[in-house]
Protein chains: 2
Amino acid sequence: MYDETITSVKKTRNAQQKQQLILQAALEVFSTYGLQGASMEQIAETAGISKSNLFYYFAGKDDLYVAVLSQVLTAWLLPLNQLEKEQDPAQALGNYLDVKFQLAKDSPQASRLYALEMMQGAPYINTILKGSLKKLVQQKTAVINDWIEQGRLKPVSALHLIIHIWAVTQHYSDFTVQTQAISGKTLKNKSFYQEALATSKQLLIESLIPTVVEH
Amino acid sequence: MYDETITSVKKTRNAQQKQQLILQAALEVFSTYGLQGASMEQIAETAGISKSNLFYYFAGKDDLYVAVLSQVLTAWLLPLNQLEKEQDPAQALGNYLDVKFQLAKDSPQASRLYALEMMQGAPYINTILKGSLKKLVQQKTAVINDWIEQGRLKPVSALHLIIHIWAVTQHYSDFTVQTQAISGKTLKNKSFYQEALATSKQLLIESLIPTVVEH
DNA sequence: GTCTATAAACAGATAGAC
DNA sequence: GTCTATCTGTTTATAGAC
């Protein structure tokens, strides 16, 4: 009886660990070759298991893809939740840029997978985009517009400001090869990282902070 | 004799037209599914010809891909050449943004193909990036730095400014689905196009134009 | 849970008739 | 130049032994 319990707990733990192992391997392969370009064999190999064993854990290629994509999507959209109108605009937006740049540097695979899914028309997450993401963006553009009305931020299109932040962070992550080719550096280089982040803050945030006029 | 000449001219013309037709179809399919995800069958189908006929015009999948990619690469990097230090900074940079936004709107497939190639490590054009693109960027960062030294532009990292412009234009093109999902609009919508472009100019260019101080 | 073997479909590419 | 037929390898997915 004791043994059974212990064994079953162990198995559950192993199963969960193995699932995470598979998801990690799948992220690696899917983010490199895309959904169509990736093969289950390659994913199994990367995870260090057999192909048929992989099919034991996930019913099919699509199932596995959706599982990986869901994880990425959550991590990707979470940081925007932090923006609140009670905060100082420069601080809040600066913090958001910080977090997004961190993600761009530390999770290039997640970034690429997200981009690949978007570029193929987001067939698996279109409903989520039109649902919770749209709602989230509406809330946060309201926050930014609030700042503008209070004179704490210069007039700017809130929607396009958010898009610009997404564009830049996504680009530094997804176009590493191009950046590396023309500059020899990537976000992994500390001074390059600081320079990129500083330029983003200068252009996308500081330029929007009203200059206090003394009387 | 007359007939032969006419026939051969016709055939040449047809062959060229057909090659262009194939390249167009290939761009469509490659940009949607990526190199690995695309199939020669699908490309042939899109072009309205048989698979074996496609193999008559292009030796293999890679050959066709490189042909398409070369066309895109040329169109993609050409506009940057226009930047010259004799120009007015606001005008020159504004014009560059105009052209890049036009491309983003009118050539979403080329944009996507370029992005896909980058995201997969640019295996087919890495040498070009490290060669002529790097050289081009060095020339143009020099132009921007010249403007800054002359006090015609506020201090900013020239390299990262260029990267920011690339990031934004690429994003509006490649992430159309996301933009559409959250706003209901794309660059095809005139007012949305104007708003996006205006915001980019505000953040990436106008914020860098020195305010003339009267004495 | 994990393996070997294999089915079934599909992909890139070629041969050869017309 | 274009077609049909086909070869060859790869891919998703399953059956069944252990």
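In what follows, chains carry the letters A, B, and so on, assigned in the order in which the sequence lines appear, proteins first and then strands, with residues in each chain numbered from 1.
- One interatomic measurement links the two molecules: CD of Q16(B) to C1' of dG1(D), which rounds to 16 Å at whole-angstrom precision.
- Taking OG1 of T199(B) as the start and CD1 of I162(A) as the end, the distance is 11.5 Å to the nearest 0.5 Å.
- Residue pairs meeting the side chain to side chain donor-acceptor pair (under 3.5 Å) criterion with at least one member in residues 34-55 of chain B, sequence neighbours excluded, are K18(B)-N53(B).
- Taking the charged nitrogens against the carboxylate oxygens, E195(B) and K190(B) have no contact shorter than 4.0 Å, which rules out a salt bridge.
- Counting non-hydrogen atoms of neighbouring residues, nucleotides and ligands closer than 6.0 angstrom, the OH atom of Y65(B) exceeds 12 such neighbours.
- The separation between Y56(A) atom OH and dC18(D) atom C1' is 15 Å, rounded to whole Å.
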Once base and sugar-phosphate atoms are separated, protein heavy atoms under 4.0 Å mark nucleotides 4-15 of chain D, 5' to 3', with B, S and - as B-------BBB-
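- With rounding to whole Å, L21(A) atom CG is found 11 Å from dT2(C) atom P.
- Using the six-membered ring where Trp is involved, Y114(A) and W76(A) have ring planes that are tilted, between 30° and 60° apart.
- The distance from atom CZ of F30(B) to atom C1' of dG12(C) is 12 Å, rounded to the nearest whole Å.
- Look at CD on Q42(B): it is 12 Å from C1' on dA11(C), rounded to the nearest Å.
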Counting only pairs under 3.5 Å, give me each side-chain donor-acceptor contact of residues 90-109 of chain B, with atom names and distances, residues two or more places apart or in other chains.
residue: Y96(B); atom: OH; partner: W166(B); partner atom: NE1; Å: 2.8
residue: D98(B); atom: OD1; partner: K201(B); partner atom: NZ; Å: 3.0

